[in-house]
Amino acid sequence: MVKVVLWGSLRSATGGLTDVEVDAANTGELLKALVEKYPELESIIEEGVSVAIDGLIYKEAWFTPIKPDSEVVLMPYMKGG
Amino acid sequence: MSKIHVTTSINGDQVEYLCEPHETLLDVLRDRVGLTGAKEGCGSGDCGACSVELDGRLVCSCLVLGAEAEGKEVQTIEGMADGEKLHPLQQKLLEHAALQCGICTPGILVAAKALLEKNPDPTETEVRYWLAGNLCRCTGYDKIIRAVLDAAAEMRGA
Amino acid sequence: MVNEYVESKSDASDVTESKRDFKIVGTRPLRPDGIDKVTGRAMFGADMSAPGMLHGATLRSPHPHARILSIDVSKALALDGVKAVVTSKDFVKQDNSGNQDTLDNLMARDKVLYHGHAVAAVAAVNVDVANSAAKLIKVEYEILPHETDVDAAMLPGAPVLHEGRKFSSVPEGSSPNVSSYWEFGHGDVDEGFAKADIIVERSFKTAATHQGYIEPHACLATMGADGRGELWVCTQGHFMVRELAAAFNGIDASQLRVTASEIGGGFGGKTTVYLEPVAVALARKSGRPVKMVMTRDEVFRATGPTVSSSTDVKIGMTKDGRITAGQAKLRYQGGAYPNITAMLGAMTAFAAYDLDAVQTLAWNVLTNRPKQAAYRAPGAPMAIYTVESVIDEMCQKLDLDPLEVRLLNAARKGTKSSYGPTFDEIGLVATLEAAKAHPHYAAPLGPNQGRGVSCGFWFNFAGNTSVSIAVSPDGTVAVTEGNPDIGGSRASISMMAAEELGIPYDKVRTIVADTNSIGFNDVTDGSRVTFSVGLATIKAARAAIKNMCGRAAMVWGIDPDAVEWKDGAAVPTGHNAGNFPPMTLAEIARDAGKTGGPIAGHFEANADGAGVSFGVHLVDIEVDPETGFTKVLRYTVFQDAGKAIHPAYVEGQMQGGAVQGIGWALNEEYIYGDDGILQNAGFLDYRIPVASDLPMIDAVILEIPNPGHPYGVRGVGETGIVPPLAAVANGVSHAAGVRMAELPMSPPRILAAIDGAKG
Ligand code: FES
Ligand code: FES
């Protein structure tokens, strides 16, 4: 299981949680598992999210490996500038 | 409304063109003569990107009518280098990395050249006030001012 | 000036070769596009023409909010010289709501949502005829009430811009003008505030400002009846233009070849489309090339300024300066369509600090103003302004040194950032220490003068990038990339290619290719180019090197693994590999046809690993207490570049960003009347800083390598605009003896604050 930190306003989709746990070995699996567990996250994830693993932001890749003890943070998709 | 026939000199070449009475010198240069070095940033005299010299006087070509160039001498950025040899201001702007996007650069160069023709040894403050009519959004002016002062020094043989 | 900061180098990552002795990186060669730009030859957006070309003009809404009842174009079409007219009906409806918003913004569909919103466009034989024709288009409007203020637009009863539209992620019960809501942070802020010795709570406002690029939007489109077309355009992303212009016109992206002209400034404002899909539509309808160029008035009224904001900040601090909790509530209006700028503000507001408890809440609000566009570190300057202002006030109250307090609380490696992830190597502490040690910080101040300090932060982006490198038979190298050069990037890319290949800088030429000549690239945004394109260039060069080592191995009859690349030549790895003299790039290139054919290398990836960049600014300001007039006396920028490839252009980014921020702090502002019409749509009344307003801007580059880049590069383009807002505000507050809580700090506002303080 990996621990995933969500941004605060996603609480409405997870029944109040911002720290959740899912089974995933890479970023793509992580996003799938999140949607399975919390279907209300689907529209947000479809609009675009990035995943930060151990401090590095991975913009949108599906196959970035995640270790069980990695720090995983779901981030909104950023653009601009 | 019929067009006006104008005979003028641009960068030392005799040029003839027909223009509308309301047409600006900037539009004539860019659209009729094919000299697109002068840029239109505002069309209202506020940005200096269209700077040219008219009989040795620095003007915003967006505020001058094409018809007014009759019998006069127009100097544009295209006439600044001598063949392959850059004017010291052009060289110094390059060396000081005083351009980022470069859209303001032709206007700045024409304006700075006009300054140095009048005042070969300007202070930093004089350069800053002279160029206050030339907007640059990229550089914060620092490197431009340094380049102009450096070029002035070189041209004085200092 | 470049300061090498060595102390913070701990476990040197294997990716970053920051210890490497660079030969070309870090020098200041002339830029490759320089001669064209100082001689007037460089071709910008409006400089291109085509035989038989028509000129386009746009009809724009005279109302800030109205329903379009009908559009009658017959009189315009009947005018001599008019060849085509388009309205929203000529474009293809989009599935993606963001794209549909972009389309509706460039050609209003059912309603006009701001004064200047495009409703129709004309192509005619010249600009005069096109303008006359636009005036002949008859639009019937039902005028609706409007709102341009962020706080007012959130109130019950405010005019609703998008009736009935559902926005995801907006809590029940919000105003229908709230298009998004965001929350970030960690820890328990109530607990944090309970630990504080003092708590300061303040509200701030910042005005909308425009990127103010000197080159107005311009493009030239050609479209054949077979759906094949060409588009010349000044943009930060010609691939983005291709995707959108093709989708809006229902043509295949690969059939529309887009070429990026030289670009006369963008700063984020040219990361979307306005004219381009319209020019393509007009070209298709008329069968002729169509050129469209905006006037400055159109640039101000119809292209994106940044957001205006209204923010409440609350910070708790112990007597000795440790922040116990921080909270910010940010309300941004970004015009008539949804955007994510408030989110970026909420993520960045407290990014400079190592906090146990932090919470930011953000709302984006729709108003009857032009659709905002990204502006250099979008969302961050106005958010960080509020936090840095409150911290400065607390330092003043507690009589603490503002740099010491920032050092005490500074984010560093291992800090959990206010937006979630834990920081790796970052340069904030080094930057603060450089500021503290700089003579500027100790220089004496005169009467009515004040010194302001502020930190700044930007993430920096990476993203999709394609680069290819071709070695020519004469031993020179062509680099092809696909990101428009907005600040000298062709120079830095050539430098990295030359460095990696071990050849002189002037043997490399880098060009920005059109959309059919190189793989896809994201927009030039987020300060991503030197990082991402640089990374791709280095990797493409390594691919070419591998190829060349293989050729040498073949010639020498040894194993390719026994060959390495050194100083621009293949050499055997050691005596055991064989005893051969170095085979230079030029020699290998000359014989390439005999050893297997042309030599090239390419790299395509969705790059990751961008490194965040922190900055600290110091400013001395004098305020005339009689008039409220401000003068910037001295300004110093400290910023972590990771590795400065071309230090002169890094300084240029720092200086340019600082001056844009100074303008934002002191002068620049979108001014609306009650009629909802922008009152200052020109450079005379929207006053950006001019040369005589400013001193020299000293730039001090710090180099704390980004572990995610082979040379340690971080982006540098955006961080520089973040600190000036608070630095200048803090300087003004110290000089004038009153706290300023609204930008811009124009003389009347400062005078009112001084008079108010006198009571
Ligand atoms: S275009 Fe003439 S001054 Fe701006
Ligand atoms: S270099 Fe871009 S406006 Fe001056």
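Chain identifiers are assigned alphabetically (A, B, ...) following the order of the sequence lines, protein sequences preceding nucleic acid strands; residue numbering begins at 1 within each chain.
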Which answer fits D522(C), side chain, backbone, both or neither, if we ask what part of it has an atom under 4.5 Å from a heavy atom of chain A? side chain
Residues of residues 49-77 of chain A with a heavy atom under 4.5 Å from any heavy atom of chain C, in residue-number order, are A52(A), G55(A), L56(A), I57(A), Y58(A), K59(A), E60(A), E71(A), V73(A), M75(A), P76(A), Y77(A)
Pair T303(C), H210(C): side-chain N/O donor-acceptor within cut-off below 3.5 Å: yes
Holding to ring-ring contact (aromatic ring centres under 6.0 Å, His included), I want the full list of residues that pass it with F167(C), two or more places apart in sequence or in another chain. none
Yes or no on side chain to side chain donor-acceptor pair (under 3.5 Å) for R331(C) and N364(C), after CA distance, side-chain angles and deciding distance? CA-CA 6 Å; R331(C) 295 169 297 275; N364(C) 181 68; over 6 Å; no
Can you check whether anything in residues 27-48 of chain A gets within less than 4.5 Å of chain C, heavy-atom wise, and list it by number? S43(A), I44(A), E47(A)
Bottom line for F423(C): the part with an atom under 4.5 Å from chain A's heavy atoms is neither
Does the R376(C) side chain pair with the main chain of G717(C), one donor and one acceptor, at a distance under 3.5 Å? yes
Kindly say whether the aromatic ring centers of F184(C) and Y419(C) come within a distance under 6.0 Å. no
Indicate yes or no for a side-chain donor-acceptor contact from S179(C) to the backbone of P338(C) under 3.5 Å, with no hydrogens or angles considered. no
Closest approach of P484(C) to T524(C) (non-hydrogen atoms, all atoms of both residues): O-OG1, 3.1 Å
Can D354(C) and R412(C) be counted as an ion pair, charged N to O under 4.0 angstrom? no
Ring centres under 6.0 Å, that's the criterion: do W664(C) and Y375(C) meet it? yes
Under 3.5 Å donor-acceptor pairs involving side-chain atoms of residues 15-24 of chain A, not counting sequence neighbours:
none

Contact part of D424(C) toward chain A, heavy-atom cut-off under 4.5 Å: side chain, backbone, both or neither? neither
Please evaluate residues N521(C) and N464(C) with respect to the criterion side chain to side chain donor-acceptor pair (under 3.5 Å), reporting the C-alpha separation (whole Å), side-chain torsions for both, the decisive distance (0.1 Å), and the verdict. CA-CA 5 Å; N521(C) 287 274; N464(C) 291 294; over 6 Å; no
Ranking S9(A), S12(A), A13(A) by heavy-atom pairs under 4.5 Å to chain C gives rank one to S9(A)
